[in-house]
Amino acid sequence: SKTQPRMKFPRFSIRDMVESQHRLVTEVLHLNRLRAVMGISMGGMQTFEWMARYPDFMDRAIPIVGSPRLMPFDVLLWQAEIHAIEADANWKNGDYTARPEAAMRTVSDISSLALTTPDWYGRQNAGKDMLAVLAAAEKAQLDQVDTNDHYRQLQAMLGHDIFRQFGGDPKRAAAAIKAKVTVIVATQDHMVNPGPAREFAGLLKASIVELNGDCGHLSTGCEAPKVAAAVAQALR
């Protein structure tokens, strides 16, 4: 934003993202109901928030490798990335003149550690020059990701908890949700822990689809036919 550049742009939450989407749908597109809300990863978090925030607005909800709240490992992962950014001398609370490249290289490495699994990563990179592999991933991070934007997204995820509005009670949250829900999780996901989504699916008596391969958070791509079939079934 030209009027609110860098860290002058206000801190926002997953709920704020959903609120902006709801305003787009109602005030711009003039819709009063949705057939379904669906999203992957942070979009899955938003889907859980949609279910809780606007329970009468949709027929179906399909959160995919998302979570209704954080687990301790999720906090560890994303707080580590924040610490890496803040530790870079060039960061200067977002008002940098020289980009915090060291921080973003470390963020890339942390993300790579959690994105898949050791077995998958080993197969994908067998026989390769690993320093070159890391350098390519780090360059992509630097080229594609703005540090301030990533920092704000990390803050949004760290504050995510749909149960907060129900006094921290998942059962109260489940009782308020009216959409038919299909929850899709990756059992070996280390980027977004599948535990809370699986447990909440039980409270909702929702359909649950488990991706059991070793692609971790990337399972939606590795097991795309299974995901597509689950989504098609959910939308019937």
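For reference, positions follow the sequence shown, starting with 1.
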Contact check, side chains of [X] and [Y], non-hydrogen atoms, under 4.5 Å:
{"X": "R105", "Y": "L142", "result": "yes"}
{"X": "V107", "Y": "Q141", "result": "yes"}
{"X": "R69", "Y": "R164", "result": "no"}
{"X": "T147", "Y": "D149", "result": "no"}
{"X": "L154", "Y": "I85", "result": "yes"}
{"X": "N148", "Y": "W91", "result": "yes"}
{"X": "Y96", "Y": "D88", "result": "no"}

Review point. Do any N or O atoms from the side chain of D74 and from the backbone of M71 form a donor-acceptor pair under 3.5 angstrom?
Key: yes
Check your understanding: Quick one: does D16's side chain have a donor or acceptor within less than 3.5 Å of a partner on F12's backbone?
Key -> no
Exercise for review: Please step through side-chain contact (heavy atoms from CB on, under 4.5 Å) for the pair L34 and V25, ending with a clear verdict.
Suggested key: CA-CA 9 Å; L34 297 174; V25 168; 3.9 Å; yes
Exercise for review: Determine whether I177 and M45 fall in the same hydrophobic cluster, where Ile, Leu, Val, Met, Phe, Trp and Tyr are linked whenever their side-chain heavy atoms lie under 4.5 Å apart.
Suggested key: no
Check your understanding: Do L77 and L113 sit in the same hydrophobic cluster, where Ile, Leu, Val, Met, Phe, Trp and Tyr count as joined when their side-chain heavy atoms come under 4.5 Å apart?
Key -> no
Exercise for review: Report, as yes or no, whether the 6.0 Å neighbourhood of atom CE on M104 holds more than 12 heavy atoms from other residues, nucleotides or ligands.
Suggested key: yes
**Study point:** Exceeds 12 heavy-atom contacts within 6.0 angstrom, atom CZ of R123
**Key:** yes
**Study point:** Working for side-chain contact (heavy atoms from CB on, under 4.5 Å), residues R198 and V183
**Key:** CA-CA 7 Å; R198 186 189 285 115; V183 175; over 6 Å; no
Review point. Aromatic rings Y54 and W50: how do their planes relate, parallel, tilted or perpendicular, breaks at 30° and 60°?
Key: tilted
Point to revise | K226: which of T220, I184, N212, V231 passes side chain to side chain contact (heavy atoms under 4.5 Å, CB included) | key: N212
